[in-house]
Student: 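Following this message is one structure expressed as structure tokens.
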Amino acid sequence: MRRLLRNNKFTIGLIISIFFLVVAIIGPWFVANILQVNPRGIDYDAISAPPSAEHLLGTNHVGQDVLAQLIIGARGSVTVGLLSGVIATVIAVLVGTTAGYLGGIPDRIINAVVNVLMTLPGFALLFIIAGYVQEAGILLIAIVIGLLEWPGGARSIRAQTMSLRNRDFTSALRTVGESTPRIIAVEVVPHLGGVISSMFLKAVVAGIFMEASLAFLGLGSTSEITWGTMVSQAQTGGSILRGHWWFFLPPGLAIALIGFATAMINFGLDEITNPQ
């Protein structure tokens, strides 16, 4: 851990990620008790108002405080990213390690299924599902994204597991009669820590981007505030065409910063775990 913290790229990414995580956790309390603003409240005297002392990031096209919505929206977007990332990573690790370690017929069957799933257009499927399920909440969207994001990760995990299957330590454990699930869980998975971490971070960012894309297209929940719904409202309300940057730029920058932070963490992990 000390080596990671001495890596500037990893440290920068970690600080930004922790910041957004803290905002997602305490954001509603901060808005209610410190800012004392209702994110859905309407100020009829400040419609599409630019940043001011009363509204630090201005208001949107209906007079709602942008800063309050930005802080509240962090919880929805981060929740979608983390939940979809966890689901995709868990499935990918289970499928990839099983196929790579067992080999033979199980590997060929699992690999065939993964290859078929990888050819399916994930975002198009998500688009259809979100359109079919009226008012899909962020939890349902996160679950669907996670279920669609795992095949690519499973293929990478499988390839790495195949290289570990015949190492001396795994061969020795099989010789002494250690069970396959224990070998995979205790010996194989820890050696895949770098790959799994990188895959999880990519899945988190993919989840946030896909949710934002769905919201921009008018799909998903309209009862919950996320950065994606903010950008969608800016587009439908004409704020983008009118150049009201204070409404659409903050959530866009927040999404971009999340992507930047995870990229920095990935670069840092890669420099430490794979120096070549």
Side-chain angles (χ1 to χ4, degrees), residues 1-30 57 67 69-93 96 122-123 138 141-142 145-146 148-150 152-157 159-160 189-216 225-231 248-276:
M1 189 64 185
R2 290 181 179 178
R3 291 179 62 193
L4 287 174
L5 293 177
R6 285 196 295 265
N7 185 283
N8 292 332
K9 294 177 183 178
F10 179 86
T11 303
I12 292 172
L14 183 64
I15 291 173
I16 296 175
S17 299
I18 291 176
F19 170 76
F20 281 114
L21 184 61
V22 171
V23 171
I25 294 173
I26 69 171
W29 174 87
F30 183 85
L57 286 181
L67 178 59
Q69 291 209 343
L70 183 68
I71 295 174
I72 293 295
R75 173 171 290 187
S77 294
V78 171
T79 298
V80 171
L82 289 177
L83 182 56
S84 62
V86 168
I87 293 173
T89 303
V90 169
I91 297 176
V93 170
F123 184 75
I138 59 174
I141 291 175
I145 291 174
L148 294 174
E149 279 293 307
W150 65 268
R155 195 170 187 177
S156 299
I157 293 292
Q160 295 294 324
V189 172
H191 282 80
L192 301 173
V195 178
I196 294 173
S197 299
S198 176
M199 183 178 60
F200 170 71
L201 292 172
K202 290 179 182 178
V204 170
V205 176
I208 293 175
F209 283 3
M210 291 179 75
E211 186 279 328
S213 300
L214 283 177
F216 185 78
I225 300 174
T226 67
W227 294 331
T229 59
M230 291 181 66
V231 176
F248 63 84
L249 190 59
L253 285 176
I255 295 173
L257 275 174
I258 286 285
F260 171 77
T262 55
M264 289 296 101
I265 293 176
N266 269 330
F267 290 150
L269 285 172
D270 192 54
E271 289 179 0
I272 298 299
T273 60
N274 186 21
Q276 295 178 355

Student: Can a donor-acceptor pair be found, under 3.5 Å and without considering hydrogens, that links the side chain of Thr89 to the backbone of Val86?
Tutor: no
Student: How far apart are the closest heavy atoms of Gly268 and Lys9, and which atoms are they?
Tutor: N-CB, 4.3 Å
Student: Drop me the distance from Ile26's CD1 to Ile71's CD1, to the nearest 0.5 angstrom.
Tutor: 9.0 Å
Student: With distance as the sole test, does Trp227 use its side chain to make a donor-acceptor pair with the main-chain N or O of Gly252 at under 3.5 Å?
Tutor: no
Student: Would you compute the distance between atom CZ of Phe20 and atom CD1 of Ile15 and round it to the nearest 0.5 angstrom?
Tutor: 13.0 Å
Student: Which atom names give the shortest non-hydrogen contact between Ile255 and Ala212, and what distance separates them?
Tutor: CD1-CB, 3.8 Å
Student: Quick one: closest heavy-atom pair of Val80 and Gly207, and the distance?
Tutor: CG1-O, 3.7 Å
Student: Which atoms form the tightest heavy-atom contact between Ala254 and Leu70, and what is the distance?
Tutor: CB-CD1, 4.4 Å
Student: When you check the side-chain N and O atoms of Glu149 and Ser84, is any donor under 3.5 Å from an acceptor?
Tutor: no
Student: What is the distance from atom CD1 of Ile72 to atom OG1 of Thr229, rounded to the nearest 0.5 Å?
Tutor: 11.5 Å
Student: Hey, does Val23 have a side-chain heavy atom less than 4.5 Å from the side chain of Phe30?
Tutor: no
Student: Which donor-acceptor pairs under 3.5 Å do the side chains of residues 197-204 make with protein atoms, sequence neighbours left out?
Tutor:
residue: Ser197; atom: OG; partner: Gly193; partner atom: O; Å: 2.8
residue: Ser198; atom: OG; partner: Asn266; partner atom: OD1; Å: 3.2

Student: Give the minimum heavy-atom separation between Ala142 and Leu83, together with the two atoms involved.
Tutor: CB-CD2, 3.7 Å
Student: Between CD1 of Ile141 and CE of Met210, what distance do you get to the nearest 0.5 Å?
Tutor: 10.5 Å
Student: Supply the atom-to-atom distance Ile265 CD1 to Thr11 OG1, rounded to the nearest 0.5 angstrom.
Tutor: 9.5 Å
Student: Any donor-acceptor pair under 3.5 Å linking the side chain of Ser17 with the backbone of Gly13?
Tutor: yes
Student: How close do Ser77 and Glu211 get, counting heavy atoms only, and between which atoms?
Tutor: OG-OE1, 4.0 Å
Student: Within this structure, what is the CG-CD1 distance for the pair Leu21 and Ile258, rounded to the nearest 0.5 Å?
Tutor: 9.0 Å
